[in-house]
There are 2 protein chains.
Amino acid sequence: MANIKDIAKMAGVSVTTVSRVINNYPYVSAEKAEAVRQAMKKCNYQRNINAVHLSKGKTFLVGVVVPFSNHPYFGLLIEGIANAALNNNYKLVLIQTNYEEVKEIEALTMLKDKQIDALIICSRICDWRVIEEFIEYGPIVLCEDAREKNISSTFVDHYKSFSAALNYLHQKGHSRIGYCIGRQSGTNSEQRDAAYKDFLKKNSLTYNPDFIFSGCFNFEDGEKVVTDLVQMKDRPTALLVTSDQVAAGILTCCKEHGIFIPEDLAIMGFDNQPISKVMHITTLEIPLVEVGRKLFFQAMDGETVSHEEIAVELIERETV
Amino acid sequence: MANIKDIAKMAGVSVTTVSRVINNYPYVSAEKAEAVRQAMKKCNYQRNINAVHLSKGKTFLVGVVVPFSNHPYFGLLIEGIANAALNNNYKLVLIQTNYEEVKEIEALTMLKDKQIDALIICSRICDWRVIEEFIEYGPIVLCEDAREKNISSTFVDHYKSFSAALNYLHQKGHSRIGYCIGRQSGTNSEQRDAAYKDFLKKNSLTYNPDFIFSGCFNFEDGEKVVTDLVQMKDRPTALLVTSDQVAAGILTCCKEHGIFIPEDLAIMGFDNQPISKVMHITTLEIPLVEVGRKLFFQAMDGETVSHEEIAVELIERETV
DNA sequence: CTGTTAGCGCATTCAG
DNA sequence: CTGAATGCGCTAACAG
């Protein structure tokens, strides 16, 4: 395949001139520019982007770390990032970690390698100290409350929003409240658990470990929850479910087991995914696409560290 | 940041030797190797991957084109590709097209640019002729029946499987059968439509355009279908739904409208997504993760053109 | 086992 | 407005 030198030769100019027309620089005479364009067309010339990257020290690639890509929560986040990226001539490198630390380190290494210009971690698994070692190599952005840290983040204050949800449920008359969550570790989960425990304490309620269901990621995980629920003698009367998908699954399975919503069990979802609207699930809206967009722009602005808190909104429907 | 030359100088060897230890070549004396390793550690050396790429003419990046990433169908496909890729030291570049032709061309251009080593198109929007122009630049793999074409593909024969599903429904006593589909164009959709029309003809049934619902991608799209259904005087008695998500949405909304499944309406999904199991939806299983895996390996094997047909399996549950 | 040297393809001073 | 020369960081003949 033809390279810039070939084109230069063919057009009877220097490589510099070719480079200039490729990059739309001014100060090239019309005739030479035209000659170059002719030559390029004739050879079906395409510049080697790797050479550009090497030369410029930039790749226009941004890495995105997610545990799974086939999950609506991350799907929406990715969508937001992808759209912003594409509009800014950036491409996305998706790193699916399955929550394996090694994969996340691989992603970090890509930043160090300069294979990507910046890294967005949608859900962190590595310890903060290992992340820290990489910040000198390029912008790293987190989707969790990192106000204490010296890297940018876009996040919802899960302590605050979980508290709000809890209080909402309480004021609706519930005092036996449980919650469903994905993984138990992680900043977000820890914030929620803290909110939960503080809520309990404040209202002099006792902590019941059976009321906490972890490993709840997808619709189908709602089935396990209901299976457990059915076998409990003292069931919670309300459930805070950190994903609308799971809430939908619970709702569906409850119907099968004759558990009426919200009479027997109040359910509150999270995210305001489309499914929650169809199923009339009361939920806490999180504008994930917008979060993704913001994450991207923070990743682009490697200079300044900023922390954007995203407001959530309670959407009252029919499951509480 | 230190480069290979600095390390060479520091270790008192040549760059080649440094390169050799970096790449674990044999034939390097233990002492020199050790000296190099020391120097690398001391400088926290990291090789610039772009230089490697330029030098080798390879990027270990494979592009994946999907219309949306937050869709369970593509999510599963991506998962399969991503896992295979990661196990083979390849990274994934995700190109979300939203079914815009330009985006797909951008992806094709990345191949031409040599920014990616191969391209997997999970759902094609471009005309075949434009794809064709790019095959000289690197392996392009399609997830659709491309047996007539000179590029590799992994696919299910949608004509065959749709026919099988139709016959199954027919033999269950249905003759008023409709179907729900994502987009109407595209190889897969056309194959299905052909199967549908042939089925109708063979059984002397009349074609009713109202029985075809397009734009059905997600759970929430089931709502529209049911809204339409409710207003029809002569409803179909069975629906073939090309996505379990949509089937689940239809099922859920039907319940709300007092339409009993399968008595009033039989529903058959596609893919055998987890949600179909929870909701007991009869479906046609497509091993998407496996499809993704195969796509990746075809993309890697740029030499040979192969076509892998994937068998589907009918999973009988309770909605037919 | 080791080093020299010539690319990989392009961008970018710096003179003219 | 133009081009020669240099560098980006690394790999891979090739010669020893």
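These numbers come from the heavy atoms of this one structure, side chains and all, not from hydrogens, waters or symmetry mates. Computed from a prediction, not measured in an experiment: that's the story for all the values here. Sequence lines set the chain letters: A, B, ... in the order given, protein chains first and strands last, and positions in each chain run from 1.
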- Mind checking side chain to side chain contact (heavy atoms under 4.5 Å, CB included) for N3(A) and listing every partner two or more places apart, or none if nothing turns up? K5(A), D6(A)
- Message: Using whole Å, what does the distance between atom P of nucleotide dG9(D) and atom CE of M40(B) come to?
- Response: 17 Å
- Query: Who passes ring pair (Phe, Tyr, Trp, His ring centres under 6.0 Å) against F60(A), sequence neighbours left out?
  - Reply: Y90(A)
- Note on the structure: Judged by nearest nucleotide, the residue sitting upstream toward the 5' end of DNA chain C, I22(A) or P26(B), is P26(B)
- Message: Could you tell me how far apart I4(A) (CD1) and dT12(C) (P) are, to the nearest whole angstrom?
- Response: 11 Å
- Query: Within this structure, what is the NZ-to-P distance between K56(A) and dC8(C), rounded to whole angstrom?
  - Reply: 21 Å
- Message: With a 4.0 Å limit, can you tell me whether N23(B) has a side-chain N or O closer than that to the phosphate oxygens OP1/OP2 of dT11(D)?
- Response: yes
- Note on the structure: Across all chains, not counting sequence neighbours, the side chain to side chain contact (heavy atoms under 4.5 Å, CB included) partners of S29(B) are E31(B), K32(B)
- How many Å lie between NE2 on H53(A) and P on dG9(C), as a whole number? 15 Å
- D117(B) and T59(B) side chains, donor-acceptor separation under 3.5 Å: yes
- Query: For the pair made of NZ in K5(A) and P in dG9(C), what is the distance, rounded to whole Å?
  - Reply: 9 Å
- Message: Using C1' atoms of five pairs at each end, report the bend of the helix from dC1(C)-dG16(D) to dG16(C)-dC1(D) rounded to 10 degrees.
- Response: 40°
- Message: If the cut-off is 4.0 Å, is S29(B) near the phosphate of dT2(C), judged by side-chain N/O to OP1 or OP2?
- Response: yes
- Return the value, rounded to whole Å, for the distance between atom NZ of K58(B) and atom P of dA12(D). 11 Å
- Query: Yes or no on ring pair (Phe, Tyr, Trp, His ring centres under 6.0 Å) for F68(B) and Y99(B), after CA distance, side-chain angles and deciding distance?
  - Reply: CA-CA 8 Å; F68(B) 345 93; Y99(B) 279 131; 5.6 Å; yes
- Just to confirm, is there a sub-4.0 Å distance from OP1 or OP2 of dT11(D) to any side-chain nitrogen or oxygen of S19(B)? yes
- Among the candidates dT2(D), dT11(D), dT2(C), find the nucleotide nearest to the side-chain atoms of V28(B). dT2(C)
- Item | Protein-nucleotide distance (Y27(B), atom OH; dG16(D), atom P), rounded to Å | 20 Å
- Keeping the roles fixed (side chain from Q191(A), backbone from H158(A)), state whether a donor-acceptor pair exists under 3.5 Å. yes
- Message: So that I can tick it off, tell me whether E132(B) and K149(B) are bridged by a salt bridge, with the cut-off set at under 4.0 angstrom between side-chain N and carboxylate O.
- Response: no
- Between Y25(B) and dA12(D), is there a side-chain N or O to OP1/OP2 distance below 4.0 Å? yes
Under-3.5 Å N/O pairs linking protein and nucleotides 3-5 of chain C:
residue, atom, partner, partner atom, Å
dG3(C), OP1, K32(B), NZ, 3.1
dG3(C), OP2, S14(B), N, 3.3
dG3(C), OP2, T17(B), OG1, 2.7
dG3(C), O6, R20(B), NH2, 2.8
dT4(C), O4, T16(B), OG1, 2.7

- Message: Does either side chain, that of Y25(B) or that of S19(B), offer a donor lying less than 3.5 Å from an acceptor on the other one?
- Response: no
- Exercise: identify the closest heavy-atom pair between I151(A) and I140(A): CB-O, 3.4 Å
- Message: Under 3.5 Å, is there a donor on one side chain and an acceptor on the other for T187(B) and R124(B)?
- Response: yes
- Could you check how far CD1 of I7(A) sits from P of dA11(C), rounded to whole Å? 13 Å
- In sequence, state the C-alpha distance, the side-chain angles, and the governing distance for K91(A) and E106(B), and then conclude on side chain to side chain contact (heavy atoms under 4.5 Å, CB included). CA-CA 10 Å; K91(A) 298 287 189 305; E106(B) 268 181 40; 3.6 Å; yes
- Run the salt bridge (Lys or Arg N to Asp or Glu O under 4.0 Å) check on K112(B) and E136(B) step by step: do they pass? CA-CA 9 Å; K112(B) 192 175 177 187; E136(B) 60 173 302; over 6 Å; no
- Task: Please list, by residue number, the residues of residues 41-49 of chain B whose heavy atoms come closer than 4.0 Å to an atom of DNA chain D; answer none if no residue qualifies.
- Result: Y45(B), R47(B), N48(B)
